[in-house]
Amino acid sequence: MDNLLLLLIFIYVALMILVGYVAYKRTVTSEDYLVAGRETNSYIMALSYGATFISTAAIVGFGGLAGTNGMGILWLVCLNIAVGIFLAFVVFGKKTRKMGQYLDALTFPEFLSKRFNSRFIQYFSGALIFCAMPIYAASVLIGAARFLETTINVDFTICIIVLAIIIGFYVIFGGLKGVMYTDALQGTIMFIGMLILLVSIYWMLGGVTEAHQALTQMAPLFPEASKATGATGWTTFPTMGSPFWWNLVSSIILGVGVGAIAQPQLAVRFMTVKSNKELNRAVLVGGIFIFVTTFTAYIVGTLSNVYFFQTSGQIAIQAAGGNVDKIIPTFINSSMPKWFTYVFMLTLLSAAMSTISTQFHVQGSSIAYDVYGGLKDSKKHNLSINRIGILIAIIIAVILAYLLPGNIVAQGTSIFFGICAAAFLPVYICALFWKRTTKEGAIAGIISGTLISLFCLIFTHQKEAAGLGIAKALTGSNVLFTSMPWPYVDPMVIALPLAFVFTVVVSLLTHNTKDEEKEIDQMFKYDDTKGDVD
């Protein structure tokens with residue numbers, strides 16, 4: 001490593017430690033540790049939300065997928081902004097902030113639990129988050145470690161351990177304030193790095209029109225195996241209803257685009273701001289941030305095919321040795337000057353650390369506050385217990401990072417987003433907008449969404465079912481249903497609507513008590529504007 005790299009790493013780590021220390025000094029109560037004291041300003045909230053949303057999974061994982069799937073993945077950018085930012089902030093965010101304040105909820109499982117007066121919901125939701133999130137956290141760790149391994153020739157094992165230690169420091173001691181403060185700094189670095197990269201690739205390939213025309217003309221080079229499943233090229237959409245189409249639309253675009261609303265680590269951000277005015281202001285900042293980071297990652301992923309073909313006669317996946325997760329790192333290291341490679345390394349570190357820090361925080365609070373704290377039946381929350389929970393989450397993620405196979409970054413993200421969408425989205429929507437929802441209906445929705453998702457992952461969705469091998473061992477076939485399109489339909493597409501049906505039907509068959517109805521009425525009428533300007 002040369003002096004420039006050492007200097008950049010030193011400055012970066014020093015800033016992370018400084019910000020983490022400031023957050024630690026300002027974290028005194030459980031409310032500080034779990035919801036940042038409910039006093040976060042719009043800029044920090046928006047960048048924290050965006051930086052948590054956009055991780056190395058988006059840049060490395062989905063950027064790599066863009067290299068193999070083409071520009072159809074740009075529809076995910078539209079959903080990320082329309083659903084993940086505008087709908088989330090304006091529609092869901094304001095209701096969540098107001099109701100969360102009325103309920104005095106400090107975590108997403110506690111929010112659902114108090115809304116429906118059910119301790120079981122808090123236990124089950126906390127346990128589900130703690131058990132499902134490690135694959136997502138490990139995927140993000142892998143994405144960052146692979147880039148470091150490729151860029152500065154540091155062993156993958158060392159990269160994983162160092163990243164975990166640095167992130168663990170400010171999450172364990174600073175709580176959500178530490179997470180959000182560092183997120184804002186990391187988000188700023190990410191935005192600048194991705195903007196430079198977007199301009200660079202078009203400049204490198206002769207301009208926007210020339211770059212896209214060159215990619216269009218490369219359609220005959222698209223892998224024959226992908227063409228056989230419905231792919232038509234990098235700048236055209238796959239054949240509707242084909243296996244390639246179902247994977248792109250249901251797993252990548254819908255799975256992540258819709259699943260963002262029900263992410264516990266994102267929903268809790270709405271409970272950290274002091275007024276709806278902050279959410280209104282955050283929409284613009286968050287929207288611009290998401291557009292630049294995701295659009296850049298997907299454009300670079302697809303156009304890297306042009307660069308590699310012009311320089312080596314290969315398409316991106318060939319240049320990356322068949323590993324989708326190495327397409328973006330290989331492109332950066334092959335095409336960009338050393339100084340930018342180092343800057344982009346910090347961009348990816350920021351993307352990884354901002355997301356992983358929140359994942360560790362949510363996992364720790366889920367097992368320590370929602371499960372252990374709930375079982376102890378005590379309103380007094382011991383911060384030490386939460387810190388132990390975070391430490392356990394870190395250890396699990398590190399172990400999984402070693403065990404998971406290649407090409408897992410985007411897939412691991414999609415799996416977690418899909419499970420959360422099916423388990424939480426129906427209940428979350430009903431909690432905010434339908435008074436008639438009952439405790440029994442909410443429980444039915446969460447359980448059905450979880451179980452149907454797991455069933456599909458194990459028995460019907462080709463990609464996961466074949467890898468797990470359970471269906472093969474029991475039935476002799478990789479999947480239960482081999483006729484089109486079932487092996488390629490993402491579990492979320494099946495589980496989400498069915499979970500909605502269970503939630504609504506069971507709620508209609510049961511009733512809230514009069515005391516519960518009175519409490520719900522007060523909950524929906526509650527309005528603490530604190531100077532809001534809507």
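In what follows, residues are counted from 1 in the order of the sequence shown.
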Is it the case that [X] and [Y] place a side-chain donor and acceptor less than 3.5 Å from each other?
{"X": "K94", "Y": "N280", "result": "yes"}
{"X": "D370", "Y": "Q122", "result": "yes"}
{"X": "T437", "Y": "S507", "result": "no"}
{"X": "D490", "Y": "S250", "result": "no"}

Please say which of [options] ends up in a side-chain contact (heavy atoms from CB on, under 4.5 Å) with [X].
{"X": "P264", "options": "L112, T107, I129", "result": "I129"}
{"X": "I396", "options": "V398, L400, I399", "result": "L400"}
{"X": "P426", "options": "V504, L498, L496", "result": "L496"}

Report the residues that fulfil ring-ring contact (aromatic ring centres under 6.0 Å, His included) with [X], sequence neighbours left out, ordered by chain and then residue number.
{"X": "F524", "result": "none"}
{"X": "F120", "result": "F124"}
{"X": "F416", "result": "Y136"}
{"X": "Y102", "result": "Y526"}

Please step through side chain to side chain donor-acceptor pair (under 3.5 Å) for the pair S113 and S118, ending with a clear verdict. CA-CA 5 Å; S113 170; S118 168; 5.8 Å; no
Quick one: does [X]'s side chain have a donor or acceptor within less than 3.5 Å of a partner on [Y]'s backbone?
{"X": "S125", "Y": "P109", "value": "no"}
{"X": "E519", "Y": "D515", "value": "no"}
{"X": "N69", "Y": "L65", "value": "yes"}

How are the rings of F108 and F111 set relative to one another: parallel (under 30°), tilted (30 to 60°) or perpendicular (over 60°)? parallel
Quick check: do [X] and [Y] have side-chain heavy atoms less than 4.5 Å from each other?
{"X": "W486", "Y": "S483", "answer": "yes"}
{"X": "F291", "Y": "T296", "answer": "no"}
{"X": "I452", "Y": "P491", "answer": "no"}
{"X": "V283", "Y": "F86", "answer": "yes"}
{"X": "V292", "Y": "F191", "answer": "yes"}
{"X": "K472", "Y": "S477", "answer": "no"}
{"X": "I85", "Y": "V90", "answer": "no"}
{"X": "L103", "Y": "M523", "answer": "yes"}

State, to 0.1 Å, how close [X] and [Y] come at their nearest heavy-atom pair, and which atoms those are.
{"X": "A422", "Y": "A499", "value": "O-CB, 3.4 Å"}
{"X": "L457", "Y": "E464", "value": "O-CB, 3.4 Å"}
{"X": "M484", "Y": "S242", "value": "CE-C, 4.1 Å"}
{"X": "Y428", "Y": "I261", "value": "CE2-O, 3.6 Å"}
{"X": "N117", "Y": "E516", "value": "ND2-OE2, 3.7 Å"}
{"X": "I253", "Y": "L76", "value": "O-CD1, 3.5 Å"}

Would one find more than 12 heavy atoms of other residues, nucleotides or ligands at under 6.0 Å from atom OH of Y402? yes
Heavy-atom count check: over 12 atoms from other residues, nucleotides or ligands less than 6.0 Å from F502 CZ?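 Atom CZ in F502 is not packed in, count stays at 12 or less.
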Can you tell me how far apart [atom1] ([X]) and [atom2] ([Y]) are? Round to the nearest 0.5 Å.
{"X": "L451", "Y": "I446", "atom1": "CG", "atom2": "CD1", "answer": "11.5 Å"}
{"X": "C456", "Y": "F481", "atom1": "SG", "atom2": "CZ", "answer": "8.5 Å"}
{"X": "N512", "Y": "I520", "atom1": "CG", "atom2": "CD1", "answer": "4.0 Å"}
{"X": "I81", "Y": "L87", "atom1": "CD1", "atom2": "CG", "answer": "13.5 Å"}
{"X": "T510", "Y": "I443", "atom1": "OG1", "atom2": "CD1", "answer": "9.5 Å"}
{"X": "T96", "Y": "R115", "atom1": "OG1", "atom2": "CZ", "answer": "11.5 Å"}

After noting the C-alpha distance and the side-chain angles of F237 and F244, does the key distance pass the ring pair (Phe, Tyr, Trp, His ring centres under 6.0 Å) rule? CA-CA 10 Å; F237 217 63; F244 200 94; 9.4 Å; no
Side chain to side chain contact (heavy atoms under 4.5 Å, CB included) between M133 and L128: does it pass, once the steps are laid out? CA-CA 8 Å; M133 188 170 277; L128 175 61; over 6 Å; no
Residue pair F130, I392: steps toward the side chain to side chain contact (heavy atoms under 4.5 Å, CB included) verdict: CA-CA 10 Å; F130 184 79; I392 294 172; 3.7 Å; yes
Run the side chain to side chain contact (heavy atoms under 4.5 Å, CB included) test on F459 and N478 for me, step by step, so that the C-alpha distance in whole Å, both residues' side-chain angles and the decisive distance to 0.1 Å come before the verdict. CA-CA 7 Å; F459 292 107; N478 285 332; over 6 Å; no
Are T293 and I59 close enough, and set up right, to give a side chain to side chain contact (heavy atoms under 4.5 Å, CB included), and what steps lead you there? CA-CA 8 Å; T293 51; I59 298 173; 5.7 Å; no
Taking only residues two or more places apart in sequence, or in another chain, which ones meet K95 in a salt bridge (Lys or Arg N to Asp or Glu O under 4.0 Å)?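 For K95, no residue satisfies salt bridge (Lys or Arg N to Asp or Glu O under 4.0 Å) once neighbours in sequence are set aside.
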Does any pair with a residue in residues 418-436 pass salt bridge (Lys or Arg N to Asp or Glu O under 4.0 Å), and if so which ones, sequence neighbours excluded?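 Counting only pairs at least two positions apart or across chains, the salt bridge (Lys or Arg N to Asp or Glu O under 4.0 Å) contacts touching residues 418-436 are K435-D521.
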